[in-house]
Peer 1: 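Structure below; questions to follow.
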There are 2 protein chains.
Amino acid sequence: MKQPEDARMRLLHAGMEVFAEVGFHAATTREISRRAEVNLAAIHYYFADKAGLYRAVFALPFAEKSNVFAHVDIESVTLEQALSSFYQWMLPPVATAEEVMLQKFMQLHAREEADPSGILGDALSEHIKPNHEKLKQLLCRELGKIESDLAVEQLAFAIMGMGSAFVHGRRVVEVLSPELIHGKNAGELRLQRLVGYAKTLIDAERGQHE
Amino acid sequence: MKQPEDARMRLLHAGMEVFAEVGFHAATTREISRRAEVNLAAIHYYFADKAGLYRAVFALPFAEKSNVFAHVDIESVTLEQALSSFYQWMLPPVATAEEVMLQKFMQLHAREEADPSGILGDALSEHIKPNHEKLKQLLCRELGKIESDLAVEQLAFAIMGMGSAFVHGRRVVEVLSPELIHGKNAGELRLQRLVGYAKTLIDAERGQHE
DNA sequence: CACATTAAGTCAAACGACCGATTAAGTCAA
DNA sequence: TTGACTTAATCGGTCGTTTGACTTAATGTG
């Protein structure tokens with residue numbers, strides 16, 4: 001008999017892949033159990049139901065581990081360092097097998113953000129909210145504001161939006177400008193440019209309020 | 001008996017709504033025919049099958065009508081005017097009933113871009129491509145370049161990404177910063193800021209190459 | 001003009017396939 | 001012996017699609 005945890009972990013990994021690829025509703029328990037090479041009923045044995053598997057996938061400790069921006073102390077880093085961490089959180093690099101799983105995890109999050117399954121409630125906006133609040137905090141520091149206003153709010157989304165072009169719009173980028181994804185040092189160059197753009201927007205906003 | 005075209009048009013409109021809300025695969029022919037108040041078999045009578053209805057929805061003449069950026073002559077407008085048209089194309093205003101249908105249409109496109117159904121092939125990247133090429137053309141004009149390079153490519157996606165924060169990320173914006181969507185003159189202010197951000201990025205890029 | 005025929009449109013019912021979930025039975029290490 | 005794990009089979013529900021029957025409008029004919 002195989003390791004008992006083996007089947008459970010294989011279901012979680014297969015679940016992550018299938019849910020990330022097609023979303024909760026289009027994912028089938030048969031496809032997940034096929035990929036995991038585990039009997040269909042095992043999903044119900046370990047997770048009660050399909051929704052339970054979905055929640056368990058989200059509870060995997062990827063978010064914690066990859067959230068480099070969460071671990072940054074806003075008061076003691078440069079703007080560039082903070083922005084770099086922010087975009088590394090949004091767009092983790094992909095090289096090792098674990099990083100591939102991390103990317104699936106982020107893809108799953110992006111999908112749930114853009115098109116909520118209804119299984120998690122608003123828990124996922126809560127996933128973004130801490131880093132979004134922290135980004136606004138950073139912008140307030142840079143702009144000399146006590147608290148955020150609508151300009152800070154929209155600037156925060158503009159900064160996030162530039163990164164999400166490679167999350168939600170990744171397929172379009174791959175079709176229209178594949179070099180941005182697959183070129184030499186593409187990840188590094190992409191990150192540098194994103195950080196540069198964000199700094200430029202922040203500098204311009206600062207200029208308008210001086 | 002009702003107007004024969006009535007049932008067909010009602011199926012197209014109901015199809016647009018349901019496909020925009022949940023995507024091709026999660027949409028059911030029963031839900032669509034329910035909303036259209038038409039018999040289920042009528043979908044097959046008019047469109048052959050579910051995929052045929054989906055294609056017919058995409059063939060509705062909304063894209064043509066709303067593509068203000070496509071009608072702009074790059075050689076004879078200011079940068080601000082061009083950018084304004086670009087973001088008006090990405091984020092059409094929503095006031096009349098027709099504009100509500102247009103927004104559903106854009107939402108449907110955004111969904112198909114981010115998560116292709118497989119029904120349309122690459123036809124949808126083709127929908128974006130002309131405006132994306134035109135945006136690059138505009139950037140080349142502004143930056144004094146004969147043709148686009150990777151910097152122009154990524155700048156184009158950054159500009160698109162800031163807008164798509166209100167398309168793919170709209171739910172997140174509504175949760176975290178509802179004033180950006182629902183505040184007084186929110187659409188106008190949003191558009192102005194997006195155009196301002198885009199100009200700032202372009203000016204900065206021009207500065208780096210002078 | 002009346003009637004027959006045809007075409008277009010609509011409907012309820014049913015089909016085979018697939019879904020998530022359940023169950024009884026079997027295996028095996030502790 | 002027992003609890004954990006695994007399995008094949010099965011269930012009721014829903015899916016997209018098909019079909020034969022019915023209704024109504026349009027057309028043809030004497």
Side-chain angles (χ1 to χ4, degrees), chain A residues 1-60 108 111-112 115-121, chain B residues 1-60 108 111-112 115-121:
Chain A
M1 183 193 288
K2 293 173 175 175
Q3 275 282 353
E5 279 301 292
D6 199 23
R8 186 176 186 280
M9 286 308 304
R10 295 215 312 281
L11 282 171
L12 284 168
H13 279 222
M16 163 108 82
E17 287 191 356
V18 178
F19 288 137
E21 285 165 21
V22 298
F24 176 81
H25 295 291
T28 70
T29 49
R30 281 166 171 77
E31 176 61 20
I32 293 170
S33 64
R34 240 189 317 272
R35 290 204 201 181
E37 294 180 348
V38 166
N39 190 271
L40 192 50
I43 290 179
H44 297 273
Y45 180 77
Y46 289 109
F47 304 104
D49 56 14
K50 185 183 174 186
L53 172 58
Y54 194 64
R55 293 189 191 96
V57 165
F58 273 89
L60 288 169
L108 181 56
R111 178 183 277 285
E112 179 71 26
D115 187 22
S117 62
I119 303 300
L120 303 176
Chain B
M1 185 194 283
K2 293 172 176 175
Q3 276 283 354
E5 276 303 292
D6 200 23
R8 187 177 186 279
M9 286 308 302
R10 296 215 310 281
L11 282 170
L12 283 168
H13 279 222
M16 164 107 83
E17 286 189 359
V18 178
F19 287 136
E21 283 166 22
V22 299
F24 177 80
H25 296 290
T28 69
T29 49
R30 281 168 172 76
E31 175 62 18
I32 293 169
S33 63
R34 242 188 316 273
R35 290 205 200 180
E37 293 180 349
V38 166
N39 190 268
L40 193 51
I43 291 179
H44 298 272
Y45 180 78
Y46 288 108
F47 303 103
D49 56 14
K50 185 183 174 186
L53 172 58
Y54 194 64
R55 293 190 193 96
V57 166
F58 272 88
L60 289 170
L108 181 58
R111 179 182 278 285
E112 179 71 27
D115 187 20
S117 62
I119 303 301
L120 303 176

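Chain letters run A, B, ... following the sequence lines, proteins first and then strands; every chain starts at 1. The figures here come from the full heavy-atom set of this structure, side chains too, leaving out hydrogens, waters and symmetry mates.
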Peer 1: Specify the separation, in whole Å, of atom CZ of A:F47 and atom P of D:dT6.
Peer 2: 11 Å
Peer 1: Among residues two or more places apart or on two chains, list those pairs meeting salt bridge (Lys or Arg N to Asp or Glu O under 4.0 Å) that have a residue in residues 25-36 of chain A.
Peer 2: A:E17-A:R35, A:E21-A:R35, A:E31-A:R34, A:E31-A:R35
Peer 1: Whole angstrom is fine here: how far is it from CZ in B:R34 over to P in D:dG16?
Peer 2: 10 Å
Peer 1: A:H44 NE2 to C:dA21 P: how many Å, rounded?
Peer 2: 5 Å
Peer 1: So, do B:L108 and B:V57 sit near enough that their side-chain heavy atoms are less than 4.5 Å apart?
Peer 2: yes
Peer 1: Decide side-chain contact (heavy atoms from CB on, under 4.5 Å) for B:I32 and B:L53; before the verdict, give the C-alpha distance in whole Å, the side-chain angles of both, and the deciding distance to 0.1 Å.
Peer 2: CA-CA 10 Å; B:I32 293 169; B:L53 172 58; 4.0 Å; yes
Peer 1: Please work out which residues in residues 20-33 of chain B have a non-hydrogen atom less than 4.0 Å from an atom of DNA chain D and list them by number.
Peer 2: B:A27, B:T28, B:T29, B:R30
Peer 1: Given C:dT22, D:dT6, D:dT17, which nucleotide is nearest the side-chain atoms of A:Y46?
Peer 2: D:dT6
Peer 1: Apply side-chain contact (heavy atoms from CB on, under 4.5 Å) to B:V38 and list each qualifying residue two or more places apart in sequence or on a separate chain.
Peer 2: B:A7, B:R10, B:L11, B:A36, B:A42
Peer 1: Going by the rule side-chain hydrogen bond (donor to acceptor under 3.5 Å, both in side chains), which residues pair with B:T28 if we only count those two or more places apart in sequence or in a different chain?
Peer 2: none
Peer 1: The criterion is side-chain contact (heavy atoms from CB on, under 4.5 Å); which residues satisfy it with B:H44, sequence neighbours excluded?
Peer 2: B:D49
Peer 1: Are the side chains of A:L12 and A:Y46 in contact, using a 4.5 Å heavy-atom criterion?
Peer 2: no
Peer 1: Answer whether the closest heavy-atom distance between the side chains of A:I43 and A:K50 falls below 4.5 Å.
Peer 2: no
Peer 1: Indicate yes or no: at least one non-hydrogen side-chain atom of B:Y45 is less than 4.5 angstrom from one of B:R8.
Peer 2: no
Peer 1: Go through the structure and list residues passing ring-ring contact (aromatic ring centres under 6.0 Å, His included) with A:Y54, not counting sequence neighbours.
Peer 2: A:F19, A:F24, A:F58
Peer 1: In whole Å, I'd like the distance from the CG atom of B:D49 to the C1' atom of D:dG16.
Peer 2: 9 Å
Peer 1: As a test of your reading of the structure, name each stem of DNA chain C as range with range, where a stem is three or more consecutive Watson-Crick or G-U pairs at under 3.5 Å.
Peer 2: C:1-30 with D:1-30
Peer 1: For A:R10 and D:dT6, what is the distance between atoms CZ and C1' respectively, to the nearest whole Å?
Peer 2: 12 Å
Peer 1: Take the protein atom CG of B:L53 and the nucleotide atom C1' of D:dG16, then report the distance between them rounded to whole Å.
Peer 2: 12 Å
Peer 1: Measuring from A:H25:NE2 to A:S117:OG, what's the distance to the nearest 0.5 Å?
Peer 2: 5.5 Å
Peer 1: In whole Å, what is the span from the OH atom of A:Y45 to the C1' atom of C:dT27?
Peer 2: 13 Å
Peer 1: Roughly, in whole Å, what's the span from CG in A:L11 to C1' in D:dA4?
Peer 2: 15 Å
Peer 1: Between N or O atoms, less than 3.5 Å apart, protein on one side and nucleotides 7-9 of chain D on the other: list the pairs.
Peer 2:
unit_1 : atom_1 : unit_2 : atom_2 : d
D:dT7  : OP2    : A:N39  : N      : 3.2
D:dA8  : OP2    : A:N39  : ND2    : 3.3
D:dA8  : N7     : A:N39  : ND2    : 3.4

